[in-house]
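Note sheet for the following structure.
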Amino acid sequence: KKKKKKKEQLNLESLNGSITTNLVQPDLDDLDGTVENYGKLQYSLYYDAKKETLNVGVIQAADLKAMDFGGTSDPYVTVYLVPESTQKFETKVFRKTLNPSFKEQFTFKASQAEISEKTVVMKVYDFNRFSKHDIIGEVRIPLQTVNLNHALEEWHELTKALKDEEEHLGDICFSLRYVPTSNKLHVIILEAKNLKTMDKGGSSDPYVKIRLILNNKKLKKKTTTVKKNTLNPYFNEPFTFEVNFEEIQKVKLVISVWDHDKVSKNDAIGRLFLGCGATGNQLRHWSDMLANPRRPIAQWHILQSKAEVDKTLKELKANSHKKGKGR
């Protein structure tokens with residue numbers, strides 16, 4: 001299903017090991033032998049009351065359910081809070097393993113008044129480059145059941161995943177290729193599927209915008225043709241951007257899907273961005289492209305909300321300004 005590759009070394013924040021923790025192993029005594037095994041996940045929780053931030057650590061998983069023909073999986077974890085899952089994070093993908101060691105930490109803003117009403121959701125997926133990612137299982141931690149005055153580290157059995165609370169906006173497949181000798185970034189928008197219905201007739205008129213951002217400035221924008229009355233458009237439209245090797249390390253590629261409307265303003269269906277500042281599958285795709293110059297790398301992505309992506313881009317912009325002033 002997938003070609004074997006060397007694992008790229010991505011500079012993702014490692015788990016902070018300085019906090020004191022209580023290690024709790026999963027209790028298997030009361031498990032019914034007929035219950036399907038999805039595996040288990042070790043995580044940590046720490047609430048900083050002064051900063052009003054919740055730190056969620058995804059440490060490792062063990063004995064995950066095999067999802068691929070070879071008896072293995074390519075796992076990664078998504079982490080978010082419900083209700084109001086506006087922030088969503090992803091770990092890096094680990095290839096061909098049922099026992100990945102993630103060691104990643106994510107921070108959520110949550111006031112003291114609302115923190116006990118939240119539930120931490122950690123979903124473990126099997127990565128597929130050319131099809132929808134399969135969900136292996138999930139862990140849900142209602143924070144009202146946790147003593148947030150102390151840092152916690154524990155194992156938890158994965159359970160069958162509940163239906164996503166967040167609205168599914170659709171999936172998009174595109175190819176990336178970077179040629180350093182000619183300073184060309186080639187993007188082919190291939191197709192999209194299961195797009196959110198935007199029109200009264202139960203369909204949409206989708207098109208895709210591709211935008212390059214460098215040093216917080218929007219450089220170039222390109223647009224596909226509009227596909228009428230479909231939620232599963234096929235584009236296969238190529239675009240080329242001139243980006244030198246220095247810039248490719250700093251550039252952000254924003255890909256957004258829109259619903260065309262003749263009468264009123266066009267509606268955003270969903271978007272995502274890629275670059276060295278991205279996370280999860282977007283960072284993986286970008287890293288694969290950089291690791292394989294001149295070779296087209298195609299991959300499916302799940303669309304995110306415009307608000308979610310814009311918020312992340314705004315935070316990256318603010319952080320770059322802080323770094324600039326600190327020099």
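In what follows, residues are counted from 1 in the order of the sequence shown.
The closest side-chain heavy-atom distance from Y178 to R294 is not below 4.5 Å. Between L81 and V121 the shortest side-chain heavy-atom distance does not fall below 4.5 Å. For the pair L64 and L158, the minimum side-chain heavy-atom distance is below 4.5 Å. Counting heavy atoms from C-beta on, the side chains of I141 and T119 never come closer than 4.5 Å. Put simply, the side chain of V187 reaches to within 4.5 Å of the side chain of L185, judged on heavy atoms. In this structure, I210 and K221 have side chains that are not in contact, with every pair of non-hydrogen atoms separated by 4.5 Å or more. For the pair I302/I172, no side-chain contact is recorded, criterion being any heavy-atom separation below 4.5 Å from C-beta on. By the 4.5 Å heavy-atom criterion applied to side chains, L54 and V56 are counted as neighbours.
No side-chain donor-acceptor contact under 3.5 Å links Y46 and H150. A side-chain donor from one of N229 and S203 sits under 3.5 Å from a side-chain acceptor of the other. Side-chain atoms of N266 and D259 include no donor-acceptor pair closer than 3.5 Å. Checking E154 against Q42 by side-chain atom types alone, no donor-acceptor pair falls below 3.5 Å. Between Y125 and D74, the side chains place no donor N or O within less than 3.5 Å of an acceptor N or O (distance only, hydrogens not considered).
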| task | May I have the step-by-step check of side-chain contact (heavy atoms from CB on, under 4.5 Å) for K40 and D63, ending in yes or no? | result | CA-CA 7 Å; K40 57 192 177 185; D63 306 322; 3.8 Å; yes

| task | Take L303 and D171 through the test side-chain contact (heavy atoms from CB on, under 4.5 Å) and record every step on the way to the result. | result | CA-CA 6 Å; L303 290 171; D171 309 280; over 6 Å; no

| request: Let me see the working for H260 and K228 under side-chain contact (heavy atoms from CB on, under 4.5 Å), right down to the final yes or no. | output: CA-CA 9 Å; H260 181 262; K228 295 286 185 183; 4.2 Å; yes

| said: Run the side-chain contact (heavy atoms from CB on, under 4.5 Å) test on F106 and V58 for me, step by step, so that the C-alpha distance in whole Å, both residues' side-chain angles and the decisive distance to 0.1 Å come before the verdict. | reply: CA-CA 8 Å; F106 307 104; V58 179; 4.0 Å; yes

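At distances below 3.5 Å, at least one donor-acceptor pair connects side-chain atoms of S73 with backbone N or O atoms of M67. Checked by atom type and distance alone, the side chain of E247 never pairs as donor or acceptor with a backbone atom of L214 at under 3.5 Å. Of the possible donor and acceptor atoms, one in the side chain of N37 sits under 3.5 Å from a partner among the backbone N and O of G39. Looking at H285, its side chain does come within 3.5 Å of a backbone N or O of I297 through a donor-acceptor pair. When atom types are taken as modelled, the side chain of S204 and the backbone of P206 share no donor-acceptor pair closer than 3.5 angstrom. Between the side chain of N244 and the backbone N or O of E246 there is at least one donor-acceptor pair closer than 3.5 Å. T72 contributes a side-chain N or O that, together with a main-chain N or O of T97, makes up a donor-acceptor pair within less than 3.5 Å. When atom types are taken as modelled, the side chain of S175 and the backbone of P296 share no donor-acceptor pair closer than 3.5 angstrom.
Minimum interatomic distance between C276 and L290 (heavy atoms only, all atoms of both residues): SG-CD1, 4.2 Å. The shortest heavy-atom contact between F273 and V309 is CD2-CG1, 4.1 Å. Nearest approach of E157 to V139, heavy atoms of both residues: O-CG2, 4.0 Å. In terms of heavy atoms, L195 sits closest to P233 at CD1-CD, 3.7 Å. Scanning all heavy atoms of the two residues, the minimum distance from P100 to L98 falls at CD-C, 3.5 Å. Nearest approach of A62 to N99, heavy atoms of both residues: CA-OD1, 3.3 Å.
Centroid-to-centroid, the aromatic rings of F89 and F108 come within less than 6.0 Å.
For the atom pair NZ of K227 and OG1 of T225, the computed distance is 3.5 Å after rounding to the nearest 0.5 Å. The NZ atom of K88 sits 12.0 Å away from atom OG1 of T312, with the distance rounded to the nearest 0.5 Å. The NE2 atom of H301 sits 7.0 Å away from atom CG of N281, with the distance rounded to the nearest 0.5 Å. In this structure, the separation between CD1 on I115 and CD on Q144 is 11.5 Å, given to the nearest 0.5 Å. Here the straight-line distance linking atom CD1 of I213 with atom NZ of K250 works out to 15.5 Å at 0.5 Å rounding. For the atom pair E114 CD and L143 CG, the distance stands at 11.0 Å (nearest 0.5 Å).
Listed by first then second residue, pairs satisfying side chain to side chain donor-acceptor pair (under 3.5 Å) with a partner in residues 47-59 read N55-T107, not counting sequence neighbours.
In this structure, I255 is not a member of the same hydrophobic cluster as Y234, with clusters built from ILVMFWY side-chain heavy atoms closer than 4.5 Å. Clustering ILVMFWY residues whenever any of their side-chain heavy atoms sit less than 4.5 angstrom apart, transitively, puts L190 in a cluster other than the one holding V208. The hydrophobic cluster containing F239 also contains V243, counting ILVMFWY residues as joined when their side-chain heavy atoms lie under 4.5 angstrom apart, directly or transitively. With hydrophobic clusters built from ILVMFWY side chains whose heavy atoms lie under 4.5 angstrom apart, V146 shares a cluster with L41. Cluster annotation: I189 and L169 are assigned to the same hydrophobic cluster (Ile/Leu/Val/Met/Phe/Trp/Tyr, side-chain heavy-atom contacts under 4.5 Å, transitive).
D310 is linked by a salt bridge (Lys or Arg N to Asp or Glu O under 4.0 Å) to R271, K306, counting only residues two or more places apart in sequence or in another chain. Annotation: salt bridge (Lys or Arg N to Asp or Glu O under 4.0 Å) contacts of K314 (sequence neighbours excluded): none.
A cation-pi geometry, defined here as NZ or CZ lying under 6.0 Å from the six-membered ring centre and within 45° of its normal, holds between K92 and F94. By the 6.0 Å and 45° rule, K222 stacks over the aromatic ring of F241. Geometric assessment of K265 against the ring of W258 yields a negative cation-pi assignment under the 6.0 Å and 45° thresholds.
A side-chain contact (heavy atoms from CB on, under 4.5 Å) with T78 is found for one member of E138, H133, E90 and no other, namely E90.
Ring geometry for F127 versus Y76: interplanar angle over 60°, hence perpendicular rather than tilted (30 to 60°).
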